[in-house]
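Written out below as structure tokens is the structure these notes cover.
Note that this is a predicted model, so its numbers are computed, not measured.
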Amino acid sequence: MNSQVIIFDTTLRDGEQALQASLSVKQKLQIALSLENTGIDIIEVGFPISSPGDFKSVQTISKNIKNSRICSLARCLDKDIDAAAEAMSSSNAFRIHIFLATSILHMESKLRKNFDQIIDMAITSVKRALRYTDDVEFSCEDASRTTMDNLCRIVEKLINAGVKTINIPDTVGYTVPNELSSIIHNLFQRVPNIDKSIISVHCHNDLGMAVGNSISAIQAGARQIEGTINGIGERAGNTALEEVIMAIKVREDVLGVSTKIKHKEIYRTSQIISQICNLPIPPNKAIVGSNAFAHSSGIHQDGVLKNRKNYEIMEPSSIGLKEVKLNLTSRSGRAAVKHYMTEMGYRECDYKIDELYASFLKLADKKGQVFDYDLEALAFINQQQEELEHFSLSFFSVQSISNGLSTASVKLLCGEKTFIESATTSNGPIDAIYQALNRITHFPIILQKYQLIAKGKGKDALGQVDILVEHKKRKFHGMGLATDIIESSAQAMVNVLNNIWKANQVNEKLKKLKKINN
């Protein structure tokens, strides 16, 4: 049996159905190019008959994608099949994906047809699609709730009609792994011409088993897996392709199959899709979540620093992630603190680890998460001095006009001195406040990330702003919390400015010590 598993991505078709707003043609093309660059075998780019916009996007993508095969969805209707073929006509090779329900529930309550009529509709549509391409896929919608006799019967007839790929969808995410494995196994045992077609599965995640079902199908002989990047899709979503792909790579010893995926492109593609679709990735999401390669437990951190294989079954670099993340929290041990100090260029003789660690634990209990510049302040600045914030926002005022200019005035306490500054910008009130603050401090910073999260519901909900800036090739974090998002944004920047000031104080102190020692 062929050991290659074909990866069929439906982010642009099934995945887009879960979005609150449709993607533009430009956005869809950007996603398609990213998927192609990742080495996806088949990209299902849309449902052309559904709208003029979808037709145009399929048409545009077909003109630009060269290395992956383009696929479009169609019902068992002549107009659907004709539209799909027309939309993809610019592509050198394309696939038409036809679907029709086969379960008794769907036949009786939705289609009002018997199984013989279903077979006739399917075969007629396949023959029409074969006029345009020899690559036709057929999905037996709700296959996992179709009787085994009926499923075997229609699969055999579809293969005889020329279908190269038969898809067995778990349309409503109802099946558990051993059930789907049994269905695939039975097809291989009972359908005499099964070797002339590739068996595919398309699993939904309603019970959280989409990836498990897909893996069990591979073990039973399926050689195409359908899903989406980040698992986006209808209801609870689809099979998360990045999880299946990495399971195949990491457990090749058990699964005995492989893919043609460029694994180091996975993280980048995941991030692109998350940003374009405006669907944040949960921190604990397998493979691509921010915590997937993060370690907070002191025991785990110590183990990872000694040998990453102790607590990591794959390297972050295998998906294109550059570094492992050790979160500095009250659960961290001395090993993590030493690691961060070493990463910043300090030797153990430069500081007292016992005193630093004791101060670190107190700050971690108070702050939640500690960063490298916090460690510097604890190690080299008097602890009482560290408690005092150099910058404090006394007052701010903003005026903003839609599609116009925004002006901000701020009053900032800097140590024992007070400064007032204003700024005007066309980029909104928050940017105006940031410019006014930076005119006072004169810190050369680049805003790399701005994230707003609502804490609670209703008019009294708090807005938490998290920002990340770059200052002299070093990253600094800031957080602000207030019911007014402009105020929370200002607080976050003042938090950053204080962190930069502390880091600068450390540098000045170390320079003086160096002069004395010399």
Worksheet item: Between atom CZ of Arg223 and atom CD1 of Ile6, what is the distance when rounded to the nearest 0.5 Å?
Response: 10.0 Å
Worksheet item: Does the side chain to side chain donor-acceptor pair (under 3.5 Å) test come out yes or no for Ser200 and Thr165, once each step is laid out?
Response: CA-CA 7 Å; Ser200 174; Thr165 304; over 6 Å; no
Item to complete: Apply side-chain contact (heavy atoms from CB on, under 4.5 Å) to Gln448 and Val469, showing your working.
Response: CA-CA 5 Å; Gln448 291 192 332; Val469 308; over 6 Å; no
Can you find a side-chain donor-acceptor pair between [X] and [Y] that sits under 3.5 Å?
X	Y	result
Thr11	Thr228	no
Ser400	Ser406	yes
Thr239	Ser214	yes
Asp466	His477	no
Thr38	Thr269	yes
His202	Asp14	yes
Thr175	Asn213	no

Practice prompt. Give me the ring orientation class for Phe391 and Trp501: parallel if the planes are under 30° apart, tilted from 30 to 60°, perpendicular past 60°.
Written response: perpendicular
Worksheet item: Looking at Ile272 and Ser34, what are the two nearest heavy atoms and their distance?
Response: CD1-OG, 3.7 Å
Give a yes or no on whether the backbone of [Y] and the side-chain of [X] come within a donor-acceptor separation of less than 3.5 Å.
X	Y	answer
Arg95	Ile70	no
Asp206	Ala236	no
Ser24	Gln27	yes

Worksheet entry | Qualifying residue, where the test is side chain to side chain contact (heavy atoms under 4.5 Å, CB included) with Val211 and the options are Val244, Ile225, Asn205, Leu241 | Val244
Residues [X], [Y]: salt bridge by 4.0 Å N-O rule:
X	Y	answer
Glu36	Lys66	no
Glu44	Arg69	no
Arg268	Glu265	yes

Item to complete: Test Glu226 against Asn167 for side-chain contact (heavy atoms from CB on, under 4.5 Å), laying out the working first.
Response: CA-CA 9 Å; Glu226 303 187 10; Asn167 185 37; 3.4 Å; yes
Discussion item. Does Asp431 form a side chain to side chain donor-acceptor pair (under 3.5 Å) with Thr425? I'd like the steps, not just the answer.
Written reply: CA-CA 7 Å; Asp431 184 55; Thr425 176; 2.9 Å; yes
Worksheet item: So with a 6.0 Å cut-off around OH of Tyr174, is the heavy-atom count from everything else above 12?
Response: no
Discussion item. Run the side-chain contact (heavy atoms from CB on, under 4.5 Å) test on Ser318 and Met246 for me, step by step, so that the C-alpha distance in whole Å, both residues' side-chain angles and the decisive distance to 0.1 Å come before the verdict.
Written reply: CA-CA 9 Å; Ser318 67; Met246 290 309 294; 3.7 Å; yes
Practice prompt. Output, in order, the C-alpha distance, side-chain angles, deciding distance and verdict of side-chain contact (heavy atoms from CB on, under 4.5 Å) for Asp41 and Phe8.
Written response: CA-CA 6 Å; Asp41 299 291; Phe8 179 111; over 6 Å; no
